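All values below come from the heavy atoms of this structure, side chains included, with hydrogens, waters and symmetry mates left out. Keep in mind that this is a model prediction, so the values were computed, not measured.
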Amino acid sequence: MSAIPGGPAARDPAATDPVVEVRDLGVQYDLRFTRRTTMRGWFARLLHRDGSHRRFWALRHVDLRLEHGDSLAVIGPNGAGKSTLLLTLAGIIRPSEGEVAVRGEISALLTLGAGFDQELSGGDNIGLVGAFLGIDGRTMEGLTPAITEYSELGAFIDAPLKTYSTGMRARLGFAIATAVQPDILLLDEVLATGDQVFRARSLVRIRELIREAKAIVLVTHDLEFVTELCNRALLLDHGEVIALGEPAEVVELYRTRTAEQRARQEAEAAVIAAGAQAGGGGAEGAPAGGSGASRA
Amino acid sequence: MLPYAAQMATRTEVRTSLSTHRQAGPLEMVAEGLGELWSRRRLVRYLVGADLRHTSSNTLLGEVWWILDPLLQMAVYTILVTVIFQRSVADYPIFIFSALVPWKWFSTAIEDAIGSVTTRDKLIKQLQFPKIVLPASSVLAATYNFGFGLAAMGIMLVLLYPARISALLVLIPLVAVVQFALTFALALFAAAINVFFRDLRNVSRHALRLWFYLSPVLWSFEAFFPEANRTLRLVETVNPFYPVLSAYRDLVYYGRSPDWGALAAVLAVSVLLGAIGVAFFKRLEPAFAKVL
C-alpha cells in the first residue's frame, strides 16, 4: 500500500484516507421556526420566552468512517435520524455540531423525480434535473440518448411531464438519477416505486452502481437487503448510535430490540386495559400510593 | 421567566445552530453567491423557461396576455383618472404606460421571488443546489415579461403617438439596468425572509400597492402637483422608484434626458443593497432545508 502523507493529494483510489468521515456529528432542529411560523406566533413566543423546549437533536454524537469499498446500511425505527444522516451526508442539511468530510463525487438517490417540472417535456426535464444536479451541459447532452432509451418513453419524451403516468415518471426519474456513476452513493428506499418489471430492472442497475461505487450508504427497512448487500450496518434510535458493526449482528440486535419494545408496549396496553376493566374504584385509590401498597 | 444569564446562553446557542463550521466572511459569501449564479446559469435558464411556460399555460391566448395585460391595466387607469377624477393630461395613456410597464416588472418579480424558495420546499429537501438561483430566475422571468411590455409600448408609440418617438428611446436599457439591480436586491431579501415568516406574502401585497401609489405611475409632481410642499416632495428622495420611473417617462413621454445623477445614486444604493442581499441570503441558506 502506498503511504500518502495525508492531504488533499489523496485522489488515488488506493489512498488510506477514509472516503466518508463523520466526527461527533450532531444535527439540531430549531422548532421555533417551522413551516407554520407566522409573525404573530413568533411575537407571542418572544413575549413569554422559554427556549428550552424549542430545539431537539435529530442526531447526536455520531462517529463514522467509511473506507474504500464499504457499503453501510442504516437501520432503525421511524424518527431515528436515518434520513437526517443521509441528508447531512448529501450536504442538504449542515451539521450543527461536529464534522462531515466526504472525499469524492457524491450522489443521493433520495426521491425519484426530484426537480421535475410538470410543464416541461421529458427531454427538457432531463436537462433541468441535470442542471439541478450540477452536471455540466455537454456531459448531460451526451447522456440524454441513453436516459431516453432506458426510461422507455418513446415518443412521450417530447410531451409535457403532466401527461405522464406515475410509472413513466418513476422510470425517467430513475434513469436520470442513475445516469452518472457516483463515487459515493446514498440510497433512501428508492426501490419501492414503479411496477414489478421496472423494479426488477432497477434493482439490477442499483447493484451495478453499488459494485462500481467507492462507498454506499443505504437507508432501508428491508433487513434482508442489509445482510445481502452491505458489509457494515448502523443502528440508530432517537438520534443516537446504538450499534455499528457486522450486518448480521446489528440486524439481530435490532430485531430483539423491536421485539422487546413490542412486548413492552403490549404489556403497557394490557395494564391500561386491565385498569379500565377494574373500574372506577381502583382508579380512585391509585393516587394515594401508600394505602394502595399496604393493601397489597 | 428565565434568569438573564440563561437567556444569553440560549441566544448564543441559536446562533451556532444556524451557523456552519467554516463561517465565511460577508465578502466571501457575496463572491460565492455570484459565483454560484454564474456556474449554474444553465439551471437558471431552465428555471426561467419553466416559469414562463407556467404563466402562459392553461390560457386561451397564452403569450398574447403578456402584451394584452399591461394594455388593459392602462385602459382601466386611464378611465379612472380622466373620467372619475376628471384630470386631463396630454396623451395620458402613454404617460401612464411609460411607468406602468416598468412597475409591473418590479411587482411581478417581487411577488414571484417571495414564493420562489418556499414553493420548492420538497425539492430543497431532496437535492443539494445553490438556492440563490431561485429568486434570480424569478427576477429574470419577470424581465422577459418586461420585454413584452416594452414591445406593447413600441406598438402604441408607432400607432398612436408617432410624434413622441425620439432617439432617446435607445437609452431605456440603461434605466432598466438600474431597476434590475434594485429589484434583484429586494428579491433576495424577500425570498429568504419568507422562509421564516410566511406572513411576508400577505404584507407584501399591501406594501406593494402602497408603494405603487407613492410612485409616479398614475401621477407625477410635475404634471399633477407642481406646487407640492417640501414634506410631500420627500417622496422623491426617499422612494428609489421616483427617479427610476421618472427616467422612463422622460425618455418615452417627454423625450428629454433624465436625471442621470439621481439614477447613479439609485444604482449605487442598489449595488450595495444587492451585495448585502446576497450575503444575507447565503447566511440563511443552510437553515432552509431544516425549516421548510
Side-chain angles (χ1 to χ4, degrees), chain A residues 26-30 32-42 48-52 54-55 58 83-84 87-88 90-100 106 108 110-121 124-125 127-137 140 160 162 188, chain B residues 1-2 6-7 9-11 13-14 16-22 36 39-47 49-58 118 120-131 133 193-203 284-292:
Chain A
V27 177
Q28 191 182 44
Y29 281 85
D30 192 333
R32 289 174 313 156
F33 291 107
T34 59
R35 54 164 64 234
R36 284 291 164 89
T37 311
T38 62
M39 281 185 208
R40 200 185 73 174
W42 192 70
H48 11 83
R49 72 164 53 239
D50 71 288
S52 49
R54 302 283 172 223
R55 289 182 289 277
S83 296
T84 304
L87 289 173
T88 315
I92 294 169
I93 289 180
R94 292 212 195 162
S96 318
E97 200 178 77
E99 247 176 280
V100 173
I106 199 155
L110 304 182
T111 323
L112 292 183
F116 275 164
D117 189 282
Q118 296 298 316
E119 300 291 336
L120 296 181
S121 71
D124 281 343
N125 267 301
L128 174 66
V129 176
F132 265 125
L133 295 171
I135 302 166
D136 75 275
M140 211 57 214
K162 60 184 174 192
D188 190 357
Chain B
M1 274 300 269
L2 285 168
Q7 284 184 27
T10 49
R11 230 183 274 169
E13 242 181 74
V14 174
T16 49
S17 78
L18 275 179
S19 72
T20 63
H21 292 272
R22 309 166 283 105
E36 282 171 351
S39 64
R40 292 303 188 98
R41 57 191 183 279
R42 215 165 55 86
L43 177 56
V44 173
R45 217 174 54 220
Y46 273 113
L47 288 172
D51 196 327
L52 296 176
R53 199 74 60 89
H54 282 274
T55 48
S56 64
S57 72
N58 298 328
T118 44
R120 294 198 173 79
D121 51 348
K122 278 205 195 111
L123 180 65
I124 286 166
K125 283 186 280 188
Q126 291 164 346
L127 289 176
Q128 162 60 10
F129 65 97
K131 265 61 92 182
V133 299
I193 292 171
N194 192 50
V195 175
F196 299 92
F197 300 107
R198 303 295 171 93
D199 328 47
L200 188 66
R201 181 175 287 282
N202 309 351
V203 174
L284 294 176
E285 189 183 14
F288 288 173
K290 284 188 193 171
V291 172
L292 287 170

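- Interatomic distance, B:Q128 CD to A:R94 CZ, rounded to the nearest 0.5 Å: 7.5 Å.
- The most heavy-atom pairs under 4.5 Å with chain B, out of A:D117, A:I93, A:L133, A:V27, come from A:D117.
- The minimum heavy-atom distance between B:K290 and A:S96, with the atom names listed, is NZ-OG, 3.2 Å.
- Atom CG of residue B:L47 and atom CG of residue A:L120 lie 9.0 Å apart, to the nearest 0.5 angstrom.
- At a 4.5 Å heavy-atom cutoff, the contact between A:L87 and chain B is made by side-chain atoms alone.
- Proximity to chain B (any heavy atom under 4.5 Å) is shown, for A:I106, by neither the backbone nor the side chain.
- Across A:A58, A:G134, A:P160, A:G130, the residue that shares the most heavy-atom pairs under 4.5 angstrom with chain B is A:G134.
- What you find for A:D136 and B:R42 is that their closest heavy atoms are C-NH2, 3.9 Å.
- Here the side chains of A:I92 and B:I124 are not in contact, with every heavy-atom distance at 4.5 Å or above.
- Between atom CZ of residue B:R53 and atom OG of residue A:S121 there is a gap of 7.0 Å, rounded to the nearest 0.5 Å.
- Summarising the geometry of B:Y46 relative to A:D124, their closest heavy-atom pair is CE2-O, 3.6 Å, with the distance given to 0.1 Å.
- Residue contact with chain A, scored on non-hydrogen atoms closer than 4.5 Å, involves the side chain of B:L123 exclusively.
- Of all non-hydrogen atoms in A:A131 and B:R40, the two that sit nearest each other are O-NH1, 2.9 Å.
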